[in-house]
Chemist: 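Here it is: the structure, laid out below.
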Amino acid sequence: MMRISLQPRSNVSLNARIIISIIAALAAFALVAVPVSFAGVSPLTAYWLMFKGSFGSMFAFSETLTRATPLILTGLAAAIAFRAKLWNIGAEGQLYAGALAAIGVGSGLLSLPAPLLIPAVVLAGIVAGGLLMVIPALLKLRFGADEVVVTLLLNFIVILFVQMLIEGPIKDPLALGWPQSVPLVDAAAFPKLFARMRVHGGLILGLVAALALWIVISKTVLGFEIRAVGQNKAAARFAGVPVNATMLKVALISGGLAGLAGVSEVAGVKGYLSADLSPGFGYSGIVVAMLAGLHPLGVVLAALFVAAVFVGADSMSRATGVSNYLADLVVALSLLCVLVGGFFLRFRLKFERAAVPVQMGE
Amino acid sequence: MMQSKGQAEKGSVVLSLENITKRFGSLVANDDLSLSLNRGEILALLGENGAGKTTLMNILFGHYVPEEGTICVADDAGVLHELPKGSPSAALDAGVGMVHQHFTLAENLTGFDNIVLGTESLWQVWRSRAALRGRIEAIMQESGLTVDLDVKTAQLSVGEKQRIEILKALYRDVRVLILDEPTAVLTPQEADGLFVVLRRLAAKGLGVIFISHKLGEVLAVSHRIAVLRGGKKAGELITADADKRAIADMMVGRAVPPLQRNPSQVGSIILEFDRVSLKRGSMRQSLNDVSFAVKAGEIVGLAGVSGNGQSAIAALISGLETVDTGSVRLYGEPMKTNDPRALVAAGVARMPEDRQHDGVVGSMSVAENIAIEDLHSKEFQTAGFINRKAMRERADHGIKAYDIRCQGPDAQARLLSGGNIQKLILARVLERSPKVILANQPTRGLDIGAQSEVHQRILAARDRGAGVLLISEDLDELFALSDRLLVVHTGEVTDAGAVEGLDRGSVGMMMAGHSAHAAGEGRI
């Protein structure tokens with residue numbers, strides 16, 4: 001009879017975390033090879049086409065970066081909130097709130113030159129997203145309302161509200177009946193980074209946000225307090241850390257980052273607000289944050305990975321006819337593999353043999 | 001009933017553990033331990049935390065599988081049979097019963113239901129309550145354990161719950177009864193009552209293992225003492241021949257220095273509770289018209305059975321609660337309540353009752369945990385950015401000065417033992433030369449060596465002029481450290497006066513709710 005017991009590991013190095021994430025991604029690709037084979041395509045061919053489709057040319061790489069931009073921001077939104085054990089599942093709604101604020105400020109309300117209008121649009125989106133997240137945080141602190149439920153349901157409220165607006169008050173009369181909002185004025189649009197490529201200034205904002213968040217978490221008093229609150233709220237409160245104030249700050253930052261993602265999509269890619277602005281960037285951000293182990297700089301890499309999988313799968317699907325749902329499969333399995341890997345980072349398995357029962361008289 | 005099993009004669013071996021070795025990684029928790037228990041004997045298993053007592057009992061119960069060694073339990077005829085390893089049900093079937101430190105009773109059931117729970121077949125449609133009750137009552141009569149069987153367990157006192165636990169074991173016809181730190185939750189009187197019951201059970205042939213780290217009670221109740229230290233048996237002796245000092249040294253492995261107490265230099269009042277009332281959901285957190293004062297340079301001990309309002313007093317001084325009526329004054333000024341940071345700034349040192357849960361953030365480093373209360377001071381931050389170097393220097397100093405055993409300032413706090421976590425907290429709070437010290441269960445769960453260090457620190461702070469409120473459930477500690485004693489019972493505090501004029505018996509009576517006057521005259 002074999003007994004398996006779990007023993008906690010004392011220390012986990014950063015290298016070990018990175019290696020586990022890479023192994024998890026590889027394991028996910030290995031697992032997805034099975035359904036790809038069933039679809040009648042060699043997995044190696046499919047993966048090579050995916051790679052070419054996401055990194056194979058400047059254009060492909062630009063598409064990957066464009067797709068990664070909102071994922072970096074929503075990933076950071078989830079990472080900071082989860083660090084404080086504030087479960088923000090509402091990045092999707094906050095993204096739309098940010099986008100709506102961007103349209104509100106940037107579609108003609110203010111007539112400013114670009115260097116002033118762009119910051120105003122960005123700020124409006126951050127504030128809108130942040131304030132939207134403050135509602136569930138206050139309900140949690142004041143009444144103990146579960147923020148998972150509140151943030152999740154707020155997503156539907158916000159998205160339906162946006163749909164109502166783009167069918168009515170802010171509907172673009174020149175859009176041939178399509179439900180989309182009035183466009184952003186040109187001065188509010190983010191500059192493109194390269195000629196004839198879609199990748200835009202939002203990427204720079206995302207990278208700066210990741211760096212700033214990393215500095216906040218690891219170098220500042222606020223970051224110290226966020227980590228203390230997240231890891232042991234009782235001890236933090238006992239030691240005088242203002243738990244509620246810290247939670248509210250986290251809510252503002254988290255919601256603000258998700259709101260910025262909305263601004264970035266409107267001002268960097270679409271130019272207007274529509275109900276299909278985000279194909280679930282808010283939810284994918286949670287996956288990105290988990291893949292990154294909630295590390296802000298890791299979020300950039302994880303967002304790049306997820307974006308590459310999605311962009312590459314689209315291109316692969318066009319070439320082979322294998323459904324691009326493959327991308328969802330790869331991302332979901334990567335997350336599961338990372339979670340399993342995280343478990344083995346925290347515990348080591350120990351096998352011990354249980355003795356065969358023996359009767360012994362005396 | 002109790003005696004139905006066991007035709008074998010008294011004094012024969014009922015349980016024998018031979019050459020038990022259990023390793024956890026590189027740690028040897030039990031190292032070649034052998035132990036035997038006779039029928040009708042009370043064997044005390046004495047040892048500090050981490051000595052291997054709990055591991056040994058978990059092996060006996062099949063929760064752990066030892067690397068080496070055998071466990072044998074006698075059957076009715078006195079013949080020893082080896083227990084299969086790693087099988088809790090085999091241990092139960094062989095007649096080994098255990099009363100855990102944390103009770104395992106269903107609070108919403110009556111005592112009767114808790115006792116018979118799990119002993120009846122699932123397929124049995126009717127049950128004869130009368131017959132079952134008759135059996136329990138016979139056991140109660142035989143053992144002297146009386147308790148109201150028809151009251152919901154939630155309404156029983158801790159002592160009564162413990163009696164239910166013992167009855168539960170006896171009802172299952174045990175021949176070996178193990179009690180893990182049974183007196184931790186009892187008043188001195190309740191503990192004495194338990195000892196009478198244990199002696200009576202032993203006289204009827206039951207083998208009892210009594211796990212404890214308190215010397216006094218071990219000497220009072222046991223026939224034989226086995227001392228464990230570092231997973232090994234440090235010695236075994238007949239209680240009648242034992243000497244307290246020698247056993248203490250055997251437990252620690254070196255001579256423990258006796259506590260040095262200087263006469264106190266009492267100053268003015270620095271902390272005062274003035275008619276404080278506080279009502280929260282449970283009695284644990286409620287206070288009723290409480291007044292007392294702590295002066296500079298004295299240690300005021302707060303005695304009481306756990307859950308009588310100590311938590312509320314500690315929460316107020318810790319800045320985690322506010323009063324309903326009355327006031328708490330610090331240096332004569334009404335205290336800014338509900339603000340731990342203001343209290344720390346005002347010179348209050350607070351040691352949390354549950355140091356693992358409220359004291360440290362386990363996944364943060366030793367340095368961060370030492371600095372956490374002073375995060376906003378100039379020493380540790382500039383314009384919101386943390387000064388890691390200063391934190392590490394402070395931690396280096398604390399690790400040396402308070403002898404914190406760890407890998408260094410960057411080690412995670414969760415890797416420290418309980419004693420070292422307490423030293424970390426001392427390094428955090430005492431380094432600022434506080435004027436008021438709240439020492440809440442400062443040595444609970446610590447070994448004798450660490451206890452003595454914590455005690456020295458508290459006495460040194462008092463000699464330096466700090467006023468200390470010492471909350472403890474350990475009467476020995478209260479008597480050894482305090483200048484004055486208060487007793488708390490159901491949210492009310494009574495001044496018992498200077499320690500010199502007090503005896504344990506009268507303090508015990510006050511802990512049980514009898515007035516100081518009645519207690520003084522020895523009446524109940």
Side-chain angles (χ1 to χ4, degrees), chain A residues 1-13 83-85 212 215-246 249 293-294 345-362, chain B residues 13 16 24-25 62 64-67 70 72 74 78-87 90 318-320 339-345 350 352 354-364 368-369 371-376 380-381 383-386 388 391 407 410-415 428:
Chain A
M1 193 165 57
M2 203 66 150
R3 291 183 139 229
I4 303 171
S5 65
L6 294 172
Q7 299 191 339
R9 290 176 199 257
S10 53
N11 266 321
V12 180
S13 70
R83 282 273 181 143
K85 298 232 160 73
I215 291 172
V216 165
I217 287 179
S218 58
K219 312 272 184 210
T220 68
V221 172
L222 175 62
F224 187 115
E225 291 179 335
I226 290 171
R227 283 182 289 136
V229 168
Q231 285 157 18
N232 186 345
K233 201 186 282 182
R237 177 171 287 134
F238 188 89
V241 173
V243 172
N244 289 359
T246 305
K249 286 178 200 166
L294 307 186
L345 272 181
R346 275 181 291 131
F347 297 98
R348 88 178 78 233
L349 283 187
K350 198 177 173 224
F351 298 92
E352 41 190 325
R353 192 159 296 157
V356 182
V358 187
Q359 277 287 317
M360 185 185 83
E362 220 182 66
Chain B
V13 174
S16 151
F24 295 105
Y64 293 153
V65 182
E67 269 84 34
T70 54
C72 297
V79 179
L80 288 172
H81 294 279
E82 182 172 352
L83 272 188
K85 284 172 196 133
S87 166
S318 301
L320 303 175
D339 185 357
R341 199 173 278 165
L343 286 175
V344 169
R350 306 154 310 136
D354 185 342
R355 63 185 84 94
Q356 318 262 0
H357 186 254
D358 298 327
V360 292
V361 181
S363 50
M364 293 176 85
E368 287 174 319
N369 273 292
I372 190 167
E373 283 188 352
D374 294 323
L375 215 48
H376 290 260
F380 294 133
Q381 58 95 25
F385 283 85
I386 286 170
R388 287 210 177 269
M391 271 189 193
Q407 284 181 351
D410 295 326
Q412 287 186 10
R414 72 187 168 92
L415 301 174
R428 178 204 291 172

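Numbers restart at 1 for each chain; the letters A, B, ... are given by sequence-line order, proteins then strands.
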Chemist: Counting heavy-atom pairs under 4.5 Å with chain A, which one of B/Q381, B/M364, B/E373 comes out on top?
Modeler: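 Most pairs with chain A among the choices: B/M364.
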Chemist: At a 4.5 Å cut-off on heavy atoms, which part of B/R355 comes close to chain A: side chain, backbone, both, or neither?
Modeler: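 Answer is neither: B/R355 stays 4.5 Å or more from chain A.
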Chemist: Quick one: side chains of residues 223-232 of chain A, donor-acceptor pairs under 3.5 Å with protein atoms, not counting sequence neighbours, listed by atom name and distance.
Modeler:
{"from": "A/E225", "atom 1": "OE2", "to": "B/R341", "atom 2": "NH2", "distance (Å)": "3.1"}
{"from": "A/E225", "atom 1": "OE2", "to": "B/H376", "atom 2": "NE2", "distance (Å)": "2.8"}
{"from": "A/R227", "atom 1": "NE", "to": "A/I217", "atom 2": "O", "distance (Å)": "3.4"}
{"from": "A/R227", "atom 1": "NH1", "to": "B/E368", "atom 2": "OE2", "distance (Å)": "3.0"}
{"from": "A/R227", "atom 1": "NH2", "to": "B/E368", "atom 2": "OE2", "distance (Å)": "3.2"}
{"from": "A/Q231", "atom 1": "OE1", "to": "B/S363", "atom 2": "OG", "distance (Å)": "2.7"}
{"from": "A/N232", "atom 1": "OD1", "to": "A/A234", "atom 2": "N", "distance (Å)": "3.2"}
{"from": "A/N232", "atom 1": "OD1", "to": "A/A235", "atom 2": "N", "distance (Å)": "3.1"}
{"from": "A/N232", "atom 1": "ND2", "to": "B/H357", "atom 2": "O", "distance (Å)": "2.9"}
{"from": "A/N232", "atom 1": "ND2", "to": "B/V360", "atom 2": "O", "distance (Å)": "2.9"}

Chemist: Name the region of A/V241, side chain, backbone, both or neither, that has any atom closer than 4.5 Å to a heavy atom of chain B.
Modeler: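 For A/V241, heavy atoms of backbone and side chain both lie under 4.5 Å from chain B.
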Chemist: Given the options A/L222, A/T220, A/I215, which has more heavy-atom pairs under 4.5 Å with chain B than any of the others?
Modeler: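 Max contact count across the listed options: A/T220.
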Chemist: Identify the heavy atoms of A/F238 and B/P340 that sit nearest to each other, and give their distance.
Modeler: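 Closest pair (atom of A/F238, atom of B/P340, distance): O-CB, 3.7 Å.
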Chemist: Measure distances from B/L320 to the heavy atoms of chain A and classify the residue's part below 4.5 Å as side chain, backbone, both or neither.
Modeler: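 Contact with chain A is through the side chain of B/L320 alone.
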